[in-house]
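This report refers to the structure that appears directly beneath it.
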Amino acid sequence: PRSVFGAAREGDLVFVVGGYQGQLRASASVGAYDLQTQAETPLPNLPSPAAGAAVALANSTLFVAGGVPELSTSRVVEPHADCNGLDLGSGVWSPCPAPGNGPLAHAAWAAYGTDLLLFGGVKRADDREGGSTIATRFVERFSPQAGGRWRAETLMPEQRAGAALS
């Protein structure tokens, strides 16, 4: 079983990315689930394992940003700043610039025209007694056609993390 995975949909395909397998292990697996045939086709693995990554599609590229490489036994979540795009035609992953506000996990990403908008996310989470979770109010625009440029947008009125968009 897999939990805390990222997903994005295009037509009859749902792309399922990363997530936790077992208790502490993040997965690098990627698959395309066909809603018509109810079958999943494996795609090339992420360059590094990630759970809670933001996932979106733009211009036949599956973009994956942030996430948690593994759940620490210390119960402190430290996201990474990875950003990669899988060209669905060639099946090749390429790095893209990391979000301008640094490492994050549990953010939501959605297509907006030819751009992608990234909402919220967690900068750090400490699940120990007395610990705190640092969710963000950030909204960032990623422009793949402009060389992978990030631009800050107006902040959300409150901190948000763990959201999903379609």
Side-chain angles (χ1 to χ4, degrees), residues 3-11 13-20 26-32 43-72 76-126 132-166:
S3 63
V4 194
F5 57 86
R9 179 176 169 256
E10 183 173 71
L13 295 178
V14 176
F15 297 89
V16 180
V17 178
Y20 288 125
S27 171
S29 68
V30 179
L43 297 174
N45 281 351
L46 287 166
S48 60
V55 179
L57 282 157
N59 308 315
S60 298
T61 300
L62 181 67
F63 288 97
V64 180
V68 180
E70 65 183 42
L71 188 59
S72 168
V76 176
V77 173
E78 297 285 353
H80 57 72
D82 290 359
C83 182
N84 293 285
L86 175 63
D87 182 307
L88 296 174
S90 69
V92 174
W93 285 99
S94 299
C96 51
N101 285 304
L104 56 93
H106 308 293
W109 224 359
Y112 183 69
T114 59
D115 292 345
L116 298 171
L117 293 176
L118 185 70
F119 293 87
V122 171
K123 301 290 281 176
R124 181 176 189 273
D126 186 343
S132 63
T133 297
I134 303 169
T136 72
R137 296 173 48 210
F138 299 133
V139 177
E140 292 185 80
R141 180 186 297 253
F142 178 68
S143 301
Q145 293 183 335
R149 187 172 58 94
W150 287 92
R151 184 176 76 225
E153 298 287 324
T154 303
L155 294 175
M156 293 185 288
E158 60 186 354
Q159 298 168 314
R160 294 190 175 111
L165 292 173
S166 62

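Side chains are part of it too, since the values below use all heavy atoms of this structure and drop only hydrogens, waters and symmetry mates.
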Next item on the list: Walk me through it: do Phe142 and Cys96 pass the test side chain to side chain contact (heavy atoms under 4.5 Å, CB included)?
Entry: CA-CA 10 Å; Phe142 178 68; Cys96 51; 4.0 Å; yes
Check: Are a donor atom and an acceptor atom from the side chains of Asp82 and Ser48 found within less than 3.5 Å of each other?
Finding: yes
Note to self: Distance alone, cut at 3.5 Å: any donor-acceptor contact between the side chains of Ser143 and Asp115?
What the structure shows: yes
Check [X] against [Y] and note the closest heavy-atom contact, atom names and distance.
X      : Y      : answer
Gln159 : Arg137 : N-CG, 3.5 Å
Pro144 : Ala58  : CG-CB, 4.4 Å
Ala98  : Ala81  : CB-O, 3.0 Å
Ala26  : Pro49  : O-CB, 3.4 Å
Leu118 : Ala107 : CD1-CB, 3.8 Å

Are the side chain of [X] and the backbone N or O of [Y] linked by a donor-acceptor pair below 3.5 Å?
X      : Y      : answer
Trp150 : Pro97  : yes
Lys123 : Thr136 : no
Ser60  : Leu88  : no
Arg149 : Arg151 : no
Trp109 : Val64  : no
Glu140 : Leu117 : no
Asn59  : Thr61  : no

Could you check whether any side-chain heavy atom of [X] comes within less than 4.5 Å of a side-chain heavy atom of [Y], counting everything from C-beta outward?
X      : Y      : result
Leu116 : Phe63  : yes
Arg141 : Tyr112 : yes
Pro44  : Leu86  : yes
Val30  : Asn45  : no

Next item on the list: Give the C-alpha distance, both sets of side-chain angles, the deciding distance and a yes or no for side chain to side chain contact (heavy atoms under 4.5 Å, CB included) between Tyr20 and Val68.
Entry: CA-CA 9 Å; Tyr20 288 125; Val68 180; 3.7 Å; yes
Next item on the list: Would you give the length of the straight line joining atom OG of Ser27 to atom CZ of Phe5, rounded to the nearest 0.5 angstrom?
Entry: 11.5 Å
Notebook entry, point to check: Does the pair Leu46 and Asn84 meet the rule for a side chain to side chain contact (heavy atoms under 4.5 Å, CB included), with working shown?
Noted result: CA-CA 8 Å; Leu46 287 166; Asn84 293 285; 5.6 Å; no
Next item on the list: Begin from the C-alpha positions of Met156 and Val139 and carry the test side chain to side chain contact (heavy atoms under 4.5 Å, CB included) through to its verdict.
Entry: CA-CA 7 Å; Met156 293 185 288; Val139 177; 3.5 Å; yes
